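A quick write-up on the structure given underneath.
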Amino acid sequence: MTTAQHPTRDGRQFADRHIGPDTDAERRMLETVGYDSVDDLMDAAIPEVIRWTGGLDLPPAATEQEVVAELRALAARNTVAVSMIGLGYSGTHTPAVIRRNVLENPAWYTAYTPYQPEISQGRLEALLNFQTMVTDLTGLATANASMLDEGTAAAEAMTLARRAGKNKSSVYVVDADTLPQTLAVLATRAEPLGIEVRVLDLRTEPLPAEYFGLHLQYPGASGAVRDHTPLVDAAHAAGALVTVAADLLALTLLRPPGEIGADIAAGTTQRFGVPMGFGGPHAGYLAVRAGLERMLPGRLVGVSRDAAGDPAYRLALQTREQHIRREKATSNICTAQVLLAVMASMYAVYHGPAGLRAIAERTHRRTAALAAGLRTLDRVEVVHEAFFDTVLARFPGRAAEVVAEAGRRGINLRLVDADQVGIACDETTTEAHLTTVWAAFGAVAGQAVAPAAPATALPAEIARSSDYLTHPVFRSHHSETAMLRYLRRLADLDYALDRGMIPLGSCTMKLNATTEMEPVSWPEFADVHPFAPADQTAGYRDLVAILEGWLAEVTGYDAVSVQPNAGSQGELAGLLAIRAYHRDRGEGHRDVCLIPSSAHGTNAASAVMAGMRVVVVGCDTDGDVDLADLDRRIEAHRDTLAAIMVTYPSTHGVYEGGIAALCAKVHDAGGQVYVDGANLNALLGYAKPGRFGADVSHLNLHKTFCIPHGGGGPGVGPVAVRAHLAAYLPGDPLGADGAARPAISAARYGSAGILPIPWAYLRLMGPDGLRRATGVAVLAANYVAARLRGHYPVLYAGNKGLVAHECILDLRPLTKATGVSVDDVAKRLVDYGFHAPTMSFPVAGTLMVEPTESEDLAELDRFCDAMIAIRAEIDKVGSGDWPKGDNPLANAPHTAAMVTGDEWPHPYPRSVAGYPTGVDRRAKYWPPVRRIDGAYGDRNLVCACPPPEAFE
Ligand SMILES: *Cc1c(COP(=O)(O)O)cnc(C)c1O
């Protein structure tokens, strides 16, 4: 279908509402760019060799009403049972004030990762609350701002222990009473790094002589609560580090890991008000003792100060991260679980320490009552004396019958083995549930059971005595009114897509349509346990299968797995598939991964995690992969070449003509081609990586496919492969797919709970809508490039001077001439009411702009006009009209407090500071803080809530 034929905006087609520019705007943009139609433009921009002309075999676009009805039908095929399975996933009551005002609020869910801290103070405060909550409850010094899930958090703890430990053994001891999905993720992560995971039942088996780390679950997967102090002491004596995977709710009652000497704590915060979602997304956590904070992976929020000396939050110690450290990074984690971390932290803010403790006590009392009732039953034995929320019941030979009977009565229990049943309570467990469980046992035992009075089953010697959540933030917002206002106050500090454009290169900040979002909170999607019996999850599994099929179709691959819960995890999954493929062909020595110098930092970090050696390939002056350098690298590593990882279109935003040749060269040398699919928004409907020579890709559903960014997560990073790699795709962490499949995340379908979003997007757009979106995204980028080219050099362009879906504005010549930096321009954009573009990636000193198809022409023009006005301001600095150190750029962003201050010593008027050209005075966004000094915060590291006096 050509753009000339597409219907004018009649208010009936979703694509007309998803795509910002209407037909008339499109015509005007084409005029500026110099093409007659989007098809002509795309013909010129996209190299012939990669062109896909076969269309997309997807169902035609459906209306919003039809899509909601279809999703309702899928949802209806899931059964929301009472899940008492436990194993790291608990029922929880999401406070409605948090559900509506965080999870369902675009001010929170459409925000970007807080790399521009001045406009992110609200979510940074929420994340600091999260970190404080985790450090208080675990008793450790520093926590990061979320991990992807408990399994991957435990894996990061393992590699952290290896980096930090004195003991150089390659053995990591894991107690057998650890969550099975954690065991699977640890095994997947350990193997390529040469770590031997040794699972021991430490009740009976001795610790080995040499090991670098020890992993303990607290309480154990069986429910048993043990005092781990002797094991921690033994590990320390052996020079090993100890990770305790702990349940935060239990820690309100039990002595925390930090107080028994643990070095690291890891786990999930799901039961703090985040729905199970059939496995995700929820925020994992990772905390470390003092001295390890600089090795902690992931994002860390810290306190620094702004230009006025006031405290301000920003991301700390970013030099640990993959976008700077690349293959030397602490981890590949980039997108995390910010939105869910915000929810969990708000759950703690809302309930406060006393409320959390009351929830924990109630949960424990129910569990104790459950155990007491079970003990009255003939032949039924409660295995552990000490437990928190989970009872292991022994009923020789009858476990399967009990589980089946409970299932008939609407309750899912855990079948441990032929003799044992696991039963977990949570804050949603009622007395009626207990009665049903007893009845399920009783029905099988042939006798009725009466409830008995509960006595605590928490050992007094490891009861918690220390305080937690003492900061006023956890004691001030317990009424719904106060909570509502706190959430509103924080959201108002931030700039998200609900205020205006976020033109971030490589991150595709497009519309997250409300219709796509709504199903996420339906109970049939939200309240499903990941290990629920298959007959309760038919709708989910259908949804996944359909989505994987559609993603395979649009990418030209043969098989897809949605398990990876971020792009970085998709990369690891893809590289592990390549590694396994080589090994199965007797070429396990192939371990070199070629990565162009322009690549995203996650690529190099993932390659290292997959046990590969990174060899960098240079770029030529056009920003393309230097094919001559590629030849040299291939020659040097011909026998050991495992793969190349390239981003297409390149991170420079260019369709490189040499991609097909590149693929052929690598294949000729026996290597596999990994195409990083984060930029798929420039390809959908026009080219398929699986058909132009690549073997594997990951996609970012939180970029191209409308999952909102959430302020830095959640994400979904499906891995897509050609047939020869399909056998190596991620499998069920509980082993249902056989042991050979890696476990990339803890749940089989990863962040399943948000998969209705991309499903709805694909269904709403249909093949024509998707193709049109790509065309308009490329048109918008070229429109911005055309309008700004006279004011800022556009760094790279491919065919006929065209860019792909993003363009890089080169500030370096201006910086050299005037001293105005890329930072100054980014911060000045805030005064104009914009989120800054991507700064200094992939080229230092530049801004990368990706407008996406969703921004309409008025917003594109508002942005271009602001950039042009800023250029005029730069010239005033250059000409000496404004002094170098004191001008609107150097002082940006300007707060309301600064502009309304009683003194104004600056050589430009207040109106220029606060209301520059084009700013709507009634809709002005005021940043709450002035420019933040990041280096100061790194030198004086504070990563927990500062006392309120700090703000006086
Ligand atoms: C965003 C991005 C990634 C990483 O994805 P995450 O979901 O943040 O882990 C990788 N490569 C490219 C090119 C990206 O833009």
Side-chain angles (χ1 to χ4, degrees), residues 112-115 145-149 152 156 280-281 297-299 315 318 321-324 326 329 331-339 502-510 562-575 593 595-607 609 625 645-654 656 674-683 689 694 696-720 744-745 750-751 754 758 804-806 808 837-839 841-843 848-850 852:
Y112 181 59
T113 306
Y115 289 133
S146 80
M147 301 298 288
L148 291 163
D149 60 21
T152 56
E156 298 284 357
R299 298 207 180 100
L315 294 177
Q318 291 207 54
E321 286 198 63
Q322 33 69 31
H323 61 269
I324 295 183
R326 309 180 79 82
S331 146
N332 69 342
I333 187 171
C334 180
T335 290
Q337 300 281 20
V338 169
L339 187 70
I502 303 183
L504 276 160
S506 211
C507 284
T508 317
M509 298 294 289
K510 56 163 71 172
V562 297
Q563 184 180 113
N565 44 16
S568 61
Q569 308 303 298
E571 292 175 17
L572 178 62
L575 291 169
C593 186
I595 298 186
S597 56
S598 63
H600 196 274
T602 49
N603 289 184
S606 299
M609 289 169 64
V625 176
M645 266 185 119
V646 287
T647 303
Y648 201 85
S650 71
T651 49
H652 293 147
V654 174
E656 295 179 41
Y674 189 115
V675 165
D676 179 327
N679 288 347
L680 204 71
N681 214 45
L683 296 179
V696 46
S697 288
H698 79 270
L699 318 177
N700 275 352
L701 302 190
H702 47 302
K703 296 178 181 174
T704 318
F705 296 91
C706 298
I707 291 176
H709 234 72
V716 177
V719 55
I744 297 295
S745 86
S751 290
I754 49 175
H805 63 311
E806 56 196 5
I808 297 179
T838 301
M839 259 168 46
F841 172 79
V843 183
M848 181 157 62
V849 181
E850 180 180 355
T852 83

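All of these numbers come straight from a predicted model, not from anything done at the bench. Both ligands and their constituent atoms are indexed starting at 1 by order of listing.
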**OP:** Could you list the atoms of ligand 1 found under 4.0 angstrom from a heavy atom of Ala566?
**Re:** 7 (O), 9 (O)
Original post:
For ligand 1, which atoms have a heavy atom of Thr602 less than 4.0 angstrom away?
Top reply: 3 (C), 4 (C), 10 (C), 11 (N)
Original post:
Between Gly567 and ligand 1, is there a nitrogen or oxygen pair with a distance under 3.5 Å?
Top reply: yes
Original post:
side-chain contact (heavy atoms from CB on, under 4.5 Å) between Asp676 and His698: does it pass, once the steps are laid out?
Top reply: CA-CA 6 Å; Asp676 179 327; His698 79 270; 3.2 Å; yes
Subject >> Option whose closest heavy atom lies nearest to atom 2 (C) of ligand 1, chosen from Glu571, His709, Lys703, Met645 >> reply: Lys703
Subject >> Nitrogen or oxygen atoms of Asn700 and ligand 1 under 3.5 Å apart >> reply: yes
Subject >> Under 3.5 Å: donor-acceptor pair, side chain of Gln337, backbone of Met147 >> reply: no
Original post:
Taking side chain as C-beta onward, heavy atoms only, is His702 less than 4.5 Å from Pro714?
Top reply: no
Original post:
Which residue supplies the protein heavy atom nearest to atom 9 (O) of ligand 1, what is that atom called, and how far is it?
Top reply: Ser568 N, 2.8 Å
Original post:
Can Asn332 and Ser606 be said to form a side-chain hydrogen bond (donor to acceptor under 3.5 Å, both in side chains), step by step?
Top reply: CA-CA 6 Å; Asn332 69 342; Ser606 299; 2.9 Å; yes
**OP:** Flag the pair Thr113 / Cys334 as yes when at least one side-chain heavy-atom distance between them is below 4.5 Å, and no otherwise.
**Re:** no
**OP:** May I ask you to check if ligand 1 and His702 share an N or O to N or O distance below 3.5 Å?
**Re:** yes
Original post:
So, for Val675 and Ser697, which heavy atoms are closest and what is the spacing to 0.1 Å?
Top reply: O-OG, 2.7 Å
Original post:
When you look at Glu850 and Thr508, which way does the side-chain hydrogen bond (donor to acceptor under 3.5 Å, both in side chains) test go after all the steps?
Top reply: CA-CA 7 Å; Glu850 180 180 355; Thr508 317; 2.7 Å; yes
**OP:** Can you measure from CE (Met848) to OG (Ser506) and round to the nearest 0.5 angstrom?
**Re:** 5.0 Å
Subject >> Region of Asn679 engaging ligand 1 - heavy atom pairs below 4.0 Å >> reply: neither
Original post:
Measuring from the heavy atoms of Gln569, does anything fall under 4.0 Å of ligand 1?
Top reply: no
Subject >> For atom 11 (N) of ligand 1, the protein heavy atom that lies nearest, with its residue and separation >> reply: Asp676 OD2, 2.6 Å
Original post:
For ligand 1, is any non-hydrogen atom under 4.0 Å from Thr335's backbone (N, CA, C, O), its side chain (CB onward), both, or neither?
Top reply: both
Original post:
At under 4.0 Å between heavy atoms, which part of Ala678 makes contact with ligand 1: side chain, backbone, both or neither?
Top reply: side chain
